[in-house]
Amino acid sequence: MNENLFTSFSTPTLMGLPIIIMIIAFPALLYPTSNRLISNRIRTLQQYLINLILKQMMAIHSPKGRTWSLMLMSLIIFIASTNLLGLLPHTFTPTTQLSINLGLAIPLWAGAVILGFRYKFKTSVSHFLPQGTPILLIPMLIIIETISLFIQPMALAVRLTANITAGHLLMHLIGAATLALFSISTSTALITFIILLLLTILEFAVALIQAYVFTLLVSLYLHDNT
Amino acid sequence: MAGPEADSQFQFTGIKKYFNSYTLTGRMNCVLATYGGIALLVLYFKLRPKKTPAVKAS
């Protein structure tokens with residue numbers, strides 16, 4: 001039982017070869033592309049949705065921050081589509097792996113921070129001391145702010161990993177419980193099944209929200225530093 | 001949080017002119033001074049001579 005629970009999170013191999021690169025690249029294949037300015041209905045719908053997210057997300061940024069638009073849009077679409085595809089049965093979700101989330105979080109956070117220190121050194125350094133701090137608290141607060149800065153990429157990665165992994169694990173457990181209870185007591189199995197349905201709806205929401213939160217936080221770190 | 005404050009709206013004198021938690025320069029100097037202090041502490045503990053206890057002849 002224990003082995004069954006966690007095998008869905010192991011990196012997939014096909015005849016001994018790792019196919020994780022293919023799995024990460026797969027969601028991109030689902031989005032149609034076109035060379036034309038005005039294309040078909042599905043492309044128009046896709047463009048409309050992306051523009052909606054783009055305008056909402058990049059409205060607060062300066063022109064320098066807006067150079068990151070493509071990066072942030074790709075990020076949110078990748079995380080959202082990967083998370084949603086992971087809700088299908090027997091699929092592997094790359095965002096359950098801490099390695100992948102760290103690989104997304106650390107370079108993006110580091111890029112934003114280095115940008116801030118390179119172009120706006122005074123403002124970036126003064127972020128470590130909130131305005132109006134009492135004198136006696138200054139050293140302690142600076143140390144706390146430094147620690148919180150370095151925790152940001154870890155928190156980004158672990159938040160996404162934990163949320164998606166926990167959701168998948170719960171669905172697995174409650175599904176197994178429903179199946180086990182079916183032969184024992186049908187009414188209890190029905191209640192468990194309803195819980196499973198509600199959880200699945202929650203997981204849909206969580207998949208999209210986590211993508212949004214990840215991208216929003218990266219955008220916030222960028223805003224602080226541009 | 002208010003927008004970026006202008007350093008000119010605060011008039012401090014003496015050491016407060018360079019180390020305060022209101023102006024951008026003041027905050028930067030406080031942060032750099034704290035980091036410098038921590039670096040000096042670390043350096044002091046690394047470089048101080050280690051006292052070896054005297055061996056007692058039995």
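Naming convention: chains lettered A, B, ... in sequence-line order (proteins, then strands); numbering from 1 in each chain. Nothing here was measured: the structure is a model prediction, and the numbers come from that model.
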Participant: Output yes when a side-chain donor or acceptor of B/Asn29 lies under 3.5 Å from a complementary backbone atom of B/Tyr18, and no otherwise.
Facilitator: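 Pair found, side chain donor or acceptor close to backbone of B/Tyr18.
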Participant: Using a heavy-atom cutoff of under 4.5 Å, enumerate the residues of residues 33-40 of chain B that contact chain A, numbered in order, or state 'none'.
Facilitator: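 Listed by number, the contacting residues are B/Thr34, B/Tyr35, B/Ile38.
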Participant: Return yes if some donor-acceptor pair links the side-chain N/O of A/Thr91 with the main-chain N/O of A/Leu85 below 3.5 Å, else return no.
Facilitator: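 Present.
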Participant: Looking at CD1 of A/Ile53 and OG1 of A/Thr215, how far apart are the two atoms once the value is rounded to the nearest 0.5 Å?
Facilitator: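 Going from the CD1 atom of A/Ile53 to the OG1 atom of A/Thr215 covers 9.0 Å.
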Participant: With no hydrogens and no angle check, is any side-chain donor or acceptor of A/Ser39 less than 3.5 Å from a backbone partner on A/Arg36?
Facilitator: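 Answer holds: no.
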Participant: Take a 6.0 Å sphere around CD1 of B/Ile15 and say whether it holds more than 12 heavy atoms from other residues, nucleotides or ligands.
Facilitator: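 At most 12 heavy atoms, drawn from other residues, nucleotides or ligands, come within 6.0 Å of this atom.
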Participant: Has B/Leu47 got more than 12 heavy atoms of other residues, nucleotides or ligands less than 6.0 Å from its CG?
Facilitator: yes
Participant: Using non-hydrogen atoms and a 4.5 Å limit, figure out which bit of A/Ile143 sits close to chain B: side chain, backbone, both or neither.
Facilitator: side chain
